[in-house]
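Worksheet: one structure, shown below.
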Amino acid sequence: MSPTADILFWMVMAVTIASAALVVVAKKILHAAFALSICFLGVAAIYVFLHADFIAAVQLIVYVGGIIVLIMFAVMFSSHTQEAGGEGGRKVLALGAGAATAAMLFTAIMLIISRLQQPLHEANAFATQAYQHTAGITGQDLAAETPRLGLGHILMGEYMLPFEVASILVLAALVGAVVIVRKETRG
Amino acid sequence: MDAFANLPVLADSLLGGGPDNLFNYLLLAGILFALGVFAMISRRNAVGILMGVELILNASGINFVAFSRFNGHHLEGQVFALFIIVLAAAEAAVALALVLAVFQTHRSIELDQVDEMKL
Amino acid sequence: MLDGFYKLLDQNVRHLLLIVPELLVMAGFLLGLIFDCIAPEERRKSTAYICLLFLVAAMWVNVMDWNGIAREQTVLKMVKEVPKDPHRPIVYRSVPVQVMRSDALFTGMIARDTFAMYFKFVVLLGTAVSLLMALNARELAGPNRGEFYLLLTATCLGAMFLSSATNLLMIYLSLETLSIVSYAMAGYLRQDRKSAEAGIKYAIYGAMASGIMIFGMSYLYGLTGSLDLTGPSGIAAKWFELRHAATPSMQGAYLAVLAMVFCGLLYKIAAAPFHYWSPDVYEGAPTTATGFFSVVPKAAGFAVLVRVLIDFFPLGSTSHFGGLTRMETTIAAIAVLTMTVGNLAALAQSNAKRMLAYSSIAHAGYMLAGLSALDDGLGPAATLYYLLVYLFMNLGAFLVLVALENFRGSCDLKDLRGAVRREPLLGVTLVIFLFSLTGLPPLAGFTGKYLIMVKLAERGSWFLVLFIGLNSVISLYYYMRLAKAIAIDPPEAAATPSEPTPSVFNFLAAGQVAALVLLFVYFEPVYNICKGVLEPLK
Amino acid sequence: MDTALFVWLSASILLLPLVAFAILLFCGKKFERGADYLAIGVMGTAFILSVALFAKAAVWPATSDRPIVANLTWINLGNIKLTMGFLVDSLSSFMCMIVTGLATLVLIYSMFYLHGDTLYRRYFGFMCFFCFSMLGIVLSSSLLMTFVFWELVGLGSYFLIGFWFYKPPVSKDHHYQELKARYATGIDERFLSPAYAQRKAFVMNRIGDFGFVSGIMIFAYVMCKAAFSDPSFAQYAKGPLDYTNLYAATQAGVFNHITIWGLDGTALLTLAGILTFMGAMGKSAQFPLHTWLPDAMQGPTTGSSIIHAATMVAAGVYMTARIHPLLTEGSLFFVAVIGGVTAFLAATMAMVQWDIKAVLAYSTISQLGYMMIGLGAGAYTAGVAHLFTHAIFKCMLFLCAGSVIHACHHLQDMNRMGGLRRKMPLTFVATLAGVLAIIGCPFFSGFYSKDAILAGSCAKALEIGGLHWLPYLLGQATAALTAFYMCRLLFWTFFGKPRDKQVYDHAHESPPVATVPLMILALFCFGFWWSGTIVAHSGYLPGLTVQAEGVEAHGVEVETVRTTTGWVDALMVSPTHAAHLNEARIEGADAVRLHEERHEKAHTIATVLSLLGMLAGAGIAWLLYGAKSVDANELVAGNGLLALLWELVSQLWYFDRLYQDGIVPLFRAVNRVLYLFDFMVLDQILVDGWAYFIMAVSQVGRAFDNWVVDKCVDLFGTVTALCGQLTRSLQAGKIQYYACVTFGAVALVLLMLLMMQ
């Protein structure tokens, strides 16, 4: 194992988790939005660690470049009021309930992972056997590693139908979003 | 407690291996998921709640890509993650449009004030 | 290296010819969109006719297709016949070839089977009726009305794909198509406070449910390495291997993963505890959309629920590693919870729309009760039958509600009083729909409940039978309150003059009443069809 | 040829009128103007399809032996399957043609007759509904479906009799009182209104239907019992009430195996047949259930012409023809006697009516009696043929009467008409053709069918003798009476001097929309359409070759048959006819010859007698009403016996009085007794007594209630309120809250699943 890669990996992990936590607890919604963008960057980096360069790029473009902008836009548009207002008791209650629920769900997820450790391991042993060292991997290695066709071919081949459906979906969502925000031309 | 007997074993298999260990990614996804849930429940601002949603979606994406990677590079997982991102964008567009609609009708996007309809 | 890819491409293009109904709906959506963009404001109503035309065409093709699959089970295929005598020419002859019971299209994305076709029929019918309702609903009138029809059509497309999806990605995608477009429909009346509230609540709740679902799906993928549900290397097959080798503690974890996936599906059919969104959304959304939501997405949700359920817990295996009985108990518990919550909450409502929203939660409970009998196909078959009946009676009730709201301006019980005097035919049909929803003979609502209860009683689930009976009694109370308000109570004030109700409402309402009576009198063949369409899943 | 074509044709014919009805009912406001064109168009299309159906059915090999049946399973009761479907043979397809054809013409005529009526659209809707139900009876393949449509037809008739439901009873009708017109005699005018008449029709039919249902139940019981007890009859369990199954079962002697109430075999079959025939007695207004039909004339004349003259009342005859193979000698004799009595009684009643529609109504009853004689006395084909000929000429006569009534400003009293032939030449011609047809004048349609009926019943009487002479003689007498009353109608209305100047001056011929249908119908009153002797030798009608083949197969000489049967007869071969011929063949050539000779003899007797009777009747009518050389009133006054008879007949043989003053009060008395029992014993002793007892007990319980139960109720209420609060708080309206509860529930379920080992 390459220690550099390890350290980098843990740093990315830490930043991602910390910024995600900031999304939850930030007082101002604008701060939360900034934290979210950092979190998305972290996730993109994680994708790179997972050899999913294309996904990482898409994550950058769509999430950081698109969704975050949308969110910022909405925040700017609507939040001249800050979220901090309201009674403190309600706030504590909300935080407590959220924390408790999230903790329960997290426990459940961890339990699932731990119970299914063995089958998960068996099903996903590929990398640990074949690629002990991920740092310093070359493009040729990647090509050898993906003997089958690339993502684009898969999208147009096996996943053609979802691809088409998704395009229709995006179009319909666009129509829906436009219909909601468009000004009535009459009355 | 018997139910948690496996956790120490998990802890062993976690952490070790850095980026080569599947369980690290699963842990990260779990944490993001939980944080997303946390945000959805405790945030009162509609945009904040939507941020929670995005966290949850990212968590699933990480899971998929991780499995795709450790599964012998079946690209299905990556494709799924791709679609998650696309759908998240579409959903964010519609949801933020709705947030604007709420803002226009209620002059606020604090969703705990948007509760006209109840039992 | 690309040979395989081109073969795949070729196959995909050929498979496009087998999903003509979906393509037609898609074409309707796109043409409608183009028309809506270029047409002048006052002609935008025609968008609906374009969509309707394609929907009806899709319905027709679907039924023909269904007929072909169900009756023939064979297609003609050209074969080369080489005679032994070398002087005679080689002939090409068409011979009948047995079709696979469930044709997997697009490398296993969707299935082309009678089960999907049944649900597509229901979905298309529901959408067509909703479209006609939307065309004549006053609250939707306006310069932007064309978009609503487009959204309806797009939702219908999602529902159709959801009915036939056999791949996790496809399920997620079509479910989201269904959901995301629905959010926009719920928030369509942007000037209306309630509509905006409904939209945002629906969006957040929907995102939450699908978030849980895809999180579960990711584990499913991680465990099995596949996104296909069926097939020799699909999830279901791998799943049985895994479950077979599992220790008891792993069994629970497997079920937990599956439970997360089911969350997203149960949300779509508004089963407790995932029903929270539905009353608020149903009340706030335009009434037409409410009628549509209560039927079409629910039908598609049931389609995928039944499909996934049967894939993981095949019919006829009475105890699959003990999992089946646990699963059945879980479904039964959800069913009881759903119907009880729905009916109890409906009791106190003073708004007809919200009352029907809660009642539709209760009906999802009845249908789930049918699904809890998984030992043979009869329970799910009864559910399928009930769904068709439910389409007619619930959509019928909402249809009348839309018509009454057109001139009363509200769905509050006090505003609907004495509506039968202005619209005798619609008033009477509403009462008939309510009778059917209660489950009184001689209407098909009775047959549906009866079939479910008989199946449950047969296998000794007397507890569920008891609960369905009790709930029917409770529901009688509030349905009759609505019926009384409309038919018996005197109108509050002098009726304000308004446009006459379009006769298409009368036609649709009468047609649906006729369908209810027909389904009661002639239930056997329909029930047989329901039993038959479950065959491909076995 | 495949059955699918027949199914499509039949289904289209059946459902087209229903669709028209639905359109007129549900979005009629849009069709306020075009209701008539829609109905006529639909009915015309149905007629064309019927012609196609008939053309197809007529060339189907050996139609009468092998009807085309297409069935669907309707209700699956374990092993028993009830079916519904179509049965197409020459009888049903011809009947379809008659129904749709007449309905088309009548609807065209109605455009004139009901012009300007406030309920114009509704009328056309009802007519379409009626035609749908009637076609349902005609095409249905089982007794059960027949019964369903039977009731629907009753409903359609109910609608149309009471079409002008707002009209007061005749005794309070100012218009009527001003005119001082004489309606029917013998009917209480207080009970003569559309609303009352429709109820009367319904109730009288109900009495008949009681028998019908009982008969169906006997058949069903026998068939199912047989199917279960004997494996060789097992096929009858699928569609136990299908006509084809019933025919087969009766021939196979199923009834010999089953016993009900100690009856079996022929006796049981006779009972079932008579009971089923009771339905026909109600619907076809046979004695003693005939009293509703004259009252039904309260409806629009056009409705009466199609429903209460041409088709619906003939449904009884049609049904009897359908169950003909099931009827034993005993039940056939019953049918014939009932028919004979009805024919005779109704003819006598028709003689004294002054209301032009009432004459036609009684004559309809009388003619229906004829058909029953035909069916009962072994002249099956003649009976059915008379159904068709009568449908056409009676429909036309009613339309003529409508034309006259319209011209005379809704005056129906013949006493104030007269000499109208100059004013309304076309109507007169049509009426003349109809009258000549109905009285059996040679070369007119009625002559052929009526003569064949009388000949058939005479042959039967010659063969068996005894009481079998009764239907024949009654029929023969009726022929003379028919000539009398129809000629009376003709002379009194169209000949002589105008009796009411004002009415006469006002009268005018109807427009072409009314007269063209009349002319078309009049054309069909001529005999060459129906005669075998003319058409048979030209030999281009497909039916004949079928007949010839069928007969050849049975070894009877073709020539004999050809000369004695018309093409209608050739098509309407009795289902049992082939069997009879076969029997005769087995007995030998002598038997066949004997059979033929007997028929020749009977034919001669009947023809001569009926021609004489016709001439006598018409002559007397001419003396009394045409030439007026004898005054009818003086004649009656001068003779005690005649006066007595006159009184008896003008009181309609006291049937209505008997029902109104005898049976209805009897029922009222029984009712009263039951009511008193209800009131005194059940109400006062049982219920009130129980109440007093309970009150006493409740006094005791009250203390207990106050101290124990109330507290419990309060507790229950509190708990319910708490539950309500809980539910309210669960649906609090806040999305974060929903999210929390949902995620919490999911987490709990997941943890529960994980904890479960």
Side-chain angles (χ1 to χ4, degrees), chain A residues 1 5-6 9 13 17 20-21 23-24 29 32 36 43 46-47 49-52 55 58-59 62-63 66-67 70-71 74-75 77-78 83 94-95 97-99 101-102 105-106 109-110 113-115 117 123-124 126-128 134 145-146 151 154-155 159 162 166 169-170 173 176-177 180-181, chain B residues 3 6-7 9-10 13 17-20 22-23 25-26 28 30-35 37-39 41-42 44-45 47-48 50-51 54-55 58 62 65-73 75 78-79 81-83 85-90 92-94 96-101 103 108-110:
Chain A
M1 281 179 222
D6 264 21
F9 176 75
M13 287 277 268
I17 292 170
V23 170
V24 182
I29 193 71
L36 188 66
V43 174
I46 293 286
Y47 286 155
F49 275 110
L50 287 168
H51 303 180
I55 306 294
V58 171
Q59 167 90 4
V62 177
Y63 263 116
I67 296 177
L70 268 179
I71 285 179
V75 168
F77 199 90
S78 59
E83 204 184 332
L95 278 175
T101 315
L105 267 175
F106 183 68
I109 291 165
M110 284 302 115
I113 296 174
S114 67
R115 292 282 171 74
Q117 202 180 345
N124 299 288
F126 179 80
T128 34
T134 42
E145 190 183 284
T146 49
L151 210 54
I154 287 196
L155 270 182
Y159 289 88
L169 160 65
V170 171
I180 292 168
V181 293
Chain B
N6 270 9
L7 277 183
V9 190
L10 181 70
S13 61
D20 284 340
L22 170 69
F23 291 92
Y25 298 101
L26 297 188
L28 175 64
I31 291 171
L32 284 190
F33 187 85
L35 284 173
V37 171
F38 194 176
I41 295 170
S42 62
R44 287 152 65 196
N45 190 307
V47 180
L50 288 176
M51 290 179 188
E54 301 301 340
L55 283 182
N58 264 285
I62 291 174
V65 177
F67 284 129
S68 164
R69 148 98 175 81
F70 290 95
N71 228 317
H73 282 276
L75 288 182
Q78 288 198 22
V79 173
L82 197 61
F83 278 105
I85 294 173
V86 171
L87 261 54
V94 173
L96 289 171
L98 285 165
V99 167
L100 286 187
F103 181 71
S108 160
I109 53 169
E110 307 283 304

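For clarity, every value in this text was computed on a predicted model and none was experimentally measured. First the proteins, then the strands, lettered A, B, ... as listed; each starts at 1.
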Criterion side chain to side chain contact (heavy atoms under 4.5 Å, CB included) on A:V62 and B:V86, from CA distance to verdict: CA-CA 8 Å; A:V62 177; B:V86 171; over 6 Å; no

Worked verdict on A:F106 versus B:L35 for side chain to side chain contact (heavy atoms under 4.5 Å, CB included): CA-CA 9 Å; A:F106 183 68; B:L35 284 173; over 6 Å; no

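Using a 4.5 Å heavy-atom cutoff, the side chains of B:L87 and A:L169 are in contact. Put simply, the side chain of B:M51 reaches to within 4.5 Å of the side chain of A:I29, judged on heavy atoms. Taking the side chain as every heavy atom from C-beta outward, A:I17 and B:L28 approach each other to under 4.5 Å. Inter-residue side-chain proximity for A:Y63 and B:E54 is flagged as met; some heavy-atom pair is nearer than 4.5 Å.
Highest contact tally toward chain B, considering only A:V24, A:V43, A:V58, is held by A:V24 [criterion: heavy-atom pairs under 4.5 Å]. Put simply, of B:L100, B:V37, B:I85, B:V47, the one with the most heavy-atom pairs under 4.5 Å next to chain A is B:I85. With chain B as partner, the option from A:A99, A:G176, A:A166 having the largest number of non-hydrogen pairs under 4.5 angstrom is A:A99. Per-residue counts of heavy-atom pairs under 4.5 Å with chain B were compared for A:I55, A:I180, A:I109, A:L105; the largest is that of A:I55.
Taking CG from A:L36 and CG from B:N58, the interatomic distance works out to 7.5 Å, rounded to the nearest 0.5 Å. Rounded to the nearest 0.5 Å, atoms CZ (B:F23) and CE (A:M110) are 10.5 Å apart. One finds the CG atom of A:L95 at 11.0 Å from the CD1 atom of B:I41 (value rounded to the nearest 0.5 Å). Atom CG of A:L155 and atom CZ of B:F83 lie 5.5 Å apart (nearest 0.5 Å). Taken from CD1 in A:I46 to CD1 in B:I62, the straight-line distance is 6.0 Å, to the nearest 0.5 Å.
The shortest heavy-atom contact between A:A173 and B:A90 is CB-CB, 3.9 Å. Considering all non-hydrogen atoms of both residues, B:V65 and A:A52 come closest at CG1-CB, 3.5 Å. Across all their heavy atoms, B:L32 and A:A20 have their closest contact at CD2-CB, 3.5 Å. The minimum heavy-atom distance linking B:S42 with A:A94 is given by the pair CB-O, 3.8 Å.
B:F38 touches chain A through backbone and side chain together, each having a heavy atom under 4.5 Å away. Both the backbone and the side chain of B:L26 have a heavy atom closer than 4.5 Å to some heavy atom of chain A.
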